[in-house]
Amino acid sequence: MNAHDPGTSRSPGWARWLGLGAAREEEPPPPPAQTTDTPPGPAESPADKRRRHVLEDITRFLMGHGLPVSPHTLTIAHDVVTGANPALVRLVGEHVASGAPLTVEWLEETVRCDEEESGARQIHALVRKLEGAIAQFGCTATAARSATTSYNETLAEQVDALGGIAPCQEASSAIEALTSVAREMLRRTRDMEREISRSERETEALQRSLEDARREAEIDHLTGLPNRRAFEAVFEDELAQAQAKNEPLCVAFCDIDRFKRVNDTHGHEAGDRVLRTVAQALAELSNDKCHVARHGGEEFVVLLRGSNLATACTILDETRETIASRRLVNRATNTPFGRISFSAGVADVHAYPNRKSALRAADEALFRAKLAGRNRVIAAGQDDWNGFRVIPPDPASGTAA
């Protein structure tokens, strides 16, 4: 990829994946020059050729999907064909692969959601930095107040000592002047001490407010569980602890089976109640070493520290069985929902090179569980689990427990 012309280098099949047609062949050599009276123009530079290719790809993207030409669609098309926005490239590719039409409305909504998520991540990072700065300021203010108090006490003792000295004829005026200055200094430093104490109280109050705001931003308000952003921070901390203490660590994705059918049949309000019911059942697993969060939609993510792969699968399978055995009824219509169940994919985090790879392994194991008939738990990295072979762990990172 050229540093001055990002995204102009694409992998094989990339253009076909986005519905842009076949990948561009190498350009044929130019035909022999014709003898004319007009002198030939300057040869096209490599940079000009790359720019022309980008413009051709943008045109094919817009024409191929029947999109209008506007500043907004041109910007989106540029970000897609050059790969400048990888998240958007992935979402567009998945949408095209599903066979759904690529519309302006869908693109605008997708870009808006991506920008909101990016903005939320930036705000979250800024809040964490601000919390750190406030904590540091609080420590500084406390130290300053302590030093000021100590100085005041010493100064007061010296002032009292000066006041108790019987003035000599020669030094009386100097001692009186020094005592007066010292008393004024003492008054001002006491005022400063009160001001620092006030600032310290305000800092503590602001810090509590920020902590409350951050917790509010990390909660999924439908289910009451932590949201995806909160889970990512917990995952990082738990992995560090597991590595430091040499403890097993597993991560799992749980997805409610046929949830769309629940929404289509009973309505979204009933679907929300089903979500809350499953969330509550999974939340009962939570403790200092087990964390449950809503990852998005009808999908939940579970992190289990101290449990190896077999134990983690057993824990989740017991919860799955508990939910599947219940017979839920839509209170609004008195209509049974039918069996509500979830499928899960579990991965041993230590068996993969990083958190992202472990999550991907758990996600693929979940997909296998869906293919196997749903309402089951499948472990990543097992050669024979319910008749399916799922993705193996990285050999360089060890084997599953």
Side-chain angles (χ1 to χ4, degrees), residues 91 94-95 98-101 103 105-106 109-110 112-113 116-117 120 215-231 251-287 290-304 312-346 359 362-378 386:
L91 292 171
E94 292 172 352
H95 191 73
S98 72
T103 63
E105 292 77 14
W106 183 87
E109 177 65 17
T110 301
R112 182 186 65 79
C113 292
E116 287 180 355
E117 178 64 21
R215 282 195 294 269
E216 183 74 9
E218 292 180 343
I219 291 295
D220 174 65
H221 294 286
L222 176 62
T223 62
L225 293 175
N227 59 22
R228 179 176 180 174
R229 190 180 307 113
F231 176 80
V251 65
F253 279 122
C254 304
D255 188 89
I256 301 176
D257 296 324
R258 295 188 172 89
F259 184 70
K260 184 177 183 299
R261 187 172 65 184
V262 174
N263 278 335
D264 292 344
T265 304
H266 299 274
H268 288 281
E269 289 186 7
D272 288 347
R273 290 197 294 273
V274 169
L275 271 171
R276 285 192 289 268
T277 299
V278 175
Q280 183 179 5
L282 288 170
E284 292 178 1
L285 300 175
S286 297
N287 55 40
C290 181
H291 305 272
V292 181
R294 186 183 179 193
H295 202 256
E298 65 271 26
E299 190 173 70
F300 302 88
V301 61
V302 184
L303 193 64
L304 302 105
C313 288
T314 299
I315 291 171
L316 288 171
D317 200 54
E318 289 173 353
T319 302
R320 176 204 59 77
E321 182 63 30
T322 298
I323 294 173
S325 64
R326 297 178 62 179
R327 294 296 176 259
L328 303 178
V329 176
N330 184 354
R331 294 194 304 268
T333 61
N334 205 30
T335 304
F337 282 111
R339 184 175 65 184
I340 299 297
S341 63
F342 70 79
S343 302
V346 191
L359 287 170
D363 191 47
E364 183 167 333
L366 168 63
F367 178 69
R368 298 281 182 171
K370 295 287 187 179
L371 289 180
R374 300 179 175 86
N375 191 25
R376 65 195 63 210
V377 177
I378 286 185
N386 288 349

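What you see is a predicted model, and the numbers here were worked out from it, not measured in a lab.
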Looking only at heavy atoms, what is the nearest atom pair of [X] and [Y], with distance?
{"X": "Leu304", "Y": "Ala312", "answer": "CD1-CB, 4.1 Å"}
{"X": "Ile340", "Y": "Val274", "answer": "CG2-CG1, 3.9 Å"}
{"X": "Ala365", "Y": "Gly345", "answer": "CB-CA, 3.6 Å"}
{"X": "Phe342", "Y": "Leu316", "answer": "CZ-O, 3.7 Å"}
{"X": "Leu366", "Y": "Glu299", "answer": "CD2-OE2, 3.4 Å"}
{"X": "Arg374", "Y": "Arg376", "answer": "O-NE, 3.0 Å"}

| field | Test salt bridge (Lys or Arg N to Asp or Glu O under 4.0 Å) applied to Lys260 - qualifying residues, sequence neighbours left out | value |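 So Lys260 forms a salt bridge (Lys or Arg N to Asp or Glu O under 4.0 Å) with Asp264.
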| request: Identify, with sequence neighbours excluded, every residue that meets salt bridge (Lys or Arg N to Asp or Glu O under 4.0 Å) alongside Asp255. | output: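 Salt bridge (Lys or Arg N to Asp or Glu O under 4.0 Å) check on Asp255 returns Lys370.
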Rounded to the nearest 0.5 Å, what separation is found between the [atom1] atom of [X] and the [atom2] atom of [Y]?
{"X": "Leu285", "Y": "Phe300", "atom1": "CG", "atom2": "CZ", "answer": "12.0 Å"}
{"X": "Arg276", "Y": "Gln280", "atom1": "CZ", "atom2": "CD", "answer": "10.5 Å"}
{"X": "Asn227", "Y": "Leu222", "atom1": "CG", "atom2": "CG", "answer": "12.5 Å"}
{"X": "Asn263", "Y": "Arg258", "atom1": "CG", "atom2": "CZ", "answer": "15.0 Å"}
{"X": "Arg294", "Y": "Ile219", "atom1": "CZ", "atom2": "CD1", "answer": "12.5 Å"}
{"X": "Leu282", "Y": "Leu225", "atom1": "CG", "atom2": "CG", "answer": "7.5 Å"}

| Is the closest side-chain donor-acceptor distance between Ser343 and Asp257 under 3.5 Å? |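 Indeed, the side chains of Ser343 and Asp257 share at least one donor-acceptor pair under 3.5 Å.
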| query | Is there a donor-acceptor pair closer than 3.5 Å between any side-chain N or O of His266 and the backbone N or O of Asn330? | reply |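 No, the answer is negative, given that no donor and acceptor are paired below the 3.5 Å cut-off.
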| field | Exam field: side chain Ser286 to backbone Ala283, donor-acceptor pair closer than 3.5 Å | value |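 At least one qualifying donor-acceptor pair exists.
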| said: Let's go through Val329 and Thr335 carefully: what are the C-alpha distance in whole Å and the side-chain angles of both, what is the deciding distance for side chain to side chain contact (heavy atoms under 4.5 Å, CB included) to 0.1 Å, and is it a yes or a no? | reply: CA-CA 6 Å; Val329 176; Thr335 304; 5.8 Å; no
| message | Could you walk me through whether Val302 and His291 satisfy the side chain to side chain contact (heavy atoms under 4.5 Å, CB included) test, starting with their C-alpha distance in whole Å, then the side-chain angles of each, then the deciding distance to 0.1 Å, before giving a yes or no? | response | CA-CA 6 Å; Val302 184; His291 305 272; over 6 Å; no
| field | Flag if over 12 foreign heavy atoms under 6.0 Å of CZ, Phe259 | value |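 Yes, enclosed.
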| said: Run Val346 and Ile378 through side chain to side chain contact (heavy atoms under 4.5 Å, CB included) and show every step you take. | reply: CA-CA 6 Å; Val346 191; Ile378 286 185; over 6 Å; no
| Tell me, which pairs form a side chain to side chain donor-acceptor pair (under 3.5 Å) where one or both residues lie in residues 319-329, sequence neighbours left out? |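 Of all non-adjacent pairs touching residues 319-329, those that pass side chain to side chain donor-acceptor pair (under 3.5 Å) are Asp317-Arg320, Arg320-Asn375.
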| Is the Phe253 to His295 ring centre distance short of 6.0 Å? |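 Yes, they do, as the ring centres are separated by less than 6.0 Å.
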